[in-house]
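Read the structure below first, then the notes.
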Amino acid sequence: MNDTLKAARLDFALIKPYMKNICFTMALPVAIAAINRSLMTGVSFAMCLIAMTAGYPFSVSEKSGMDRLYGILPISKKHLVFGRYLYTCSTGLLAFLFSMIVHPLVLRALGEIIQPAEIYLAAVLGVFMFTLYTVFQLPGYYRFGFINGKIFMYIPVVGFLAVILFLSKLVGTSNPIFVSLIGNPIISVIAVLLVCIIAYLLSVIMSIKIVRRKEI
Amino acid sequence: MDNFLEVSNLSKSFPGFQLQNISFSLPKGYIMGLIGPNGSGKTTTIKLILNMLKRDHGEIKIMGLDNITDEIEAKANVGVVYDANCFCDEWTVAQAETAVSIFYKNWDKNRFSELLKRFHIAPTKKVKELSKGMQMKLMIACAFSYDAKLLILDEPTSGLDPVSRDELLKILSEYIEDGEHSVLFSTHITGDLERAADYITYINYGNLFFSGCKDEFVELFRIVKGGRDELTLNLSGKLIGIRSFSTGFEALIRSEDWKLFRHLDVEPATIDDIVVFTNQEGDRDE
């Protein structure tokens, strides 16, 4: 098995005891989507909540003093970092798929008609916001640890509030950002994905630098 | 390869503490005790060996492999037992095995199960529910399950009851029996080393005091006892450390000086005596 996969598996093993809590938190955005009758709000909230759990492996390993375990395992620091990013992106992907499937079904059951533009915008925004949260959170946790860097856990809350206050109001308007996103869906998706990939690359590089400098 | 661990001129500086030019080697098939008072640099040395701290100078070879450039290969042959649990508290023993085993190509599941039975550890028990002794045995079971050639123990006996300490020493003796494994055992409970260790490396506040055979180490010193009036100024200068009582004194001397003290009680020194008396130069902090 590839070292990155091994490290990601270790992270999943770390959060296994908390898996029920994480799954339960995925039910909340369904309610938010239903109350607001908005797919974009629901998906954004789901991505916000799952990004808030990105600190769990840091928290658990800090609580159990597991840096010492990482120090003896035959795996490079670089692969440990890759593994954590893979773990984080995997949880994000699962939350994304869950909310993109369940939320529209719930809204449909409530009699809402969801426009393709809203599905598309919710998806693009969900991926972009999750990336935006985690590319700052992970290096922050690596640098300060979970306890001292707890403030990074709340980055997604700020992001979600911004979505509610500003972005959700763009839907259906003639705002140039909205119009250009809707008008060029393929280019927009490629652009967003490119930005996300570049942001993750920079974030991973920063995290590896921090971890390599760190003494346990 | 004769030495499983070679440390040469190892140095590391922290604000207020320096580990300076530590050199020692641990031959294959033996147990080495790494001793010194609290804060002397034992754990720092172990962390440097494991590349958890970055060395300032020196070289470390684990089974002939550099501990930095060949870190992964070297660590695949090293087992480590800390003074406290290093697994996730919420894991069960079985989950700990699943999480750790994937990192070792030669992990033997059957051997792990056998060791759990031998150590009376239930696989369904949570790590946090295990006693300190049991947690230590779990770490040993893990190290033995991938046949770690070099076992490093950092203060494993501190906080263990005498029965568990005795059991650990038996396990270590069995481990090196085949001559294919070695143990580096850091402790400040030197009584354990009298029984188990073949070699001693004594670090005193960041400086190497001695590294070599245990018997040689003990033979270097003697304990001398006498009345207060028997201690002349000339003799006082030969004392390494002294403990005075109202009735007399007890002191550590070099064996080569024993003839000067032959009119007094001269006894063999224990490792404990040597560590205690050589640390009477005043309090120093790491």
Side-chain angles (χ1 to χ4, degrees), chain A residues 1-23 53 55-84 86-87 90 142 145-147 208-216, chain B residues 12 14 43-44 46-56 62 65 67-92 94-107 126-128 135 139 142-143 146 148 150-152 154:
Chain A
M1 195 192 300
N2 175 294
D3 280 353
T4 304
L5 282 178
K6 287 179 192 171
R9 265 187 73 178
L10 180 63
D11 280 350
F12 274 107
L14 278 184
I15 58 120
K16 206 172 180 182
Y18 306 93
M19 201 61 106
K20 273 183 201 163
N21 295 349
I22 294 174
C23 290
T53 68
Y56 275 30
F58 292 92
S59 163
V60 176
S61 57
E62 207 169 304
K63 189 179 141 216
S64 301
M66 287 183 63
D67 270 351
R68 294 178 309 163
L69 177 67
Y70 296 135
I72 63 177
L73 292 175
I75 183 168
S76 67
K77 289 174 179 169
K78 178 180 79 181
H79 283 104
L80 281 172
V81 173
F82 286 161
R84 185 139 303 172
L86 179 61
Y87 154 82
S90 305
Y142 275 120
F146 182 75
I147 295 169
I208 291 174
K209 268 188 181 171
I210 292 167
V211 171
R212 281 194 173 145
R213 268 205 306 261
K214 216 171 192 174
E215 294 192 320
I216 302 166
Chain B
K12 172 77 183 171
F14 297 102
T43 300
T44 301
I46 287 176
K47 284 185 171 179
L48 287 164
I49 291 169
L50 296 170
N51 196 25
M52 291 159 84
L53 290 176
K54 294 186 196 316
R55 65 190 181 216
D56 295 339
I62 299 171
L65 300 165
N67 78 322
I68 295 176
T69 51
D70 308 312
E71 187 179 2
I72 313 298
E73 294 92 323
K75 281 186 177 173
N77 289 307
V78 177
V80 182
V81 177
Y82 292 109
D83 58 340
N85 166 48
C86 66
F87 299 116
C88 175
D89 291 337
E90 295 294 331
W91 281 345
T92 62
Q95 283 171 336
E97 188 209 356
T98 311
V100 173
S101 61
I102 54 171
F103 291 94
Y104 299 94
K105 283 178 195 156
N106 52 341
W107 184 276
K126 280 193 175 179
V127 171
K128 68 177 178 188
Q135 288 178 347
M139 287 185 265
C142 285
Y146 58 88
L150 171 66
L151 188 62
I152 298 177
D154 188 10

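Naming convention: chains lettered A, B, ... in sequence-line order (proteins, then strands); numbering from 1 in each chain.
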Which portion of Tyr104(B) sits near chain A, non-hydrogen atoms under 4.5 angstrom: side chain
Under 3.5 Å: donor-acceptor pair, side chain of Lys214(A), backbone of Tyr142(A): yes
Ala96(B) versus chain A, the contacting section by heavy-atom distance below 4.5 Å: neither
Shortest non-hydrogen contact from Ser90(A) toward Leu86(A): OG-O, 2.6 Å
Pairwise side-chain hydrogen bond (donor to acceptor under 3.5 Å, both in side chains) hits with a residue in residues 62-76 of chain A, at least two apart: Tyr70(A)-Arg84(A), Ser76(A)-His79(A)
Contact origin within Tyr18(A) toward chain B - heavy atom pairs under 4.5 Å: side chain
Heavy-atom pair with the smallest gap, counting every atom of Ala143(B) and Leu151(B): CB-CD1, 3.7 Å
Choice from Ile72(A), Ile75(A), Leu10(A) maximising heavy atom contacts with chain B below 4.5 Å: Ile72(A)
Option that, when pairs with chain A are counted at under 4.5 Å, heavy atom only, ranks first among Val80(B), Leu53(B), Asn51(B), Leu50(B): Leu53(B)
Contact class of Lys54(B) relative to chain A, heavy atoms under 4.5 angstrom: both
Sequence neighbours excluded, every pair satisfying side-chain hydrogen bond (donor to acceptor under 3.5 Å, both in side chains) that has a member inside residues 74-90 of chain B: Glu71(B)-Lys75(B), Asn85(B)-Asp89(B), Glu90(B)-Lys126(B), Glu90(B)-Lys128(B)
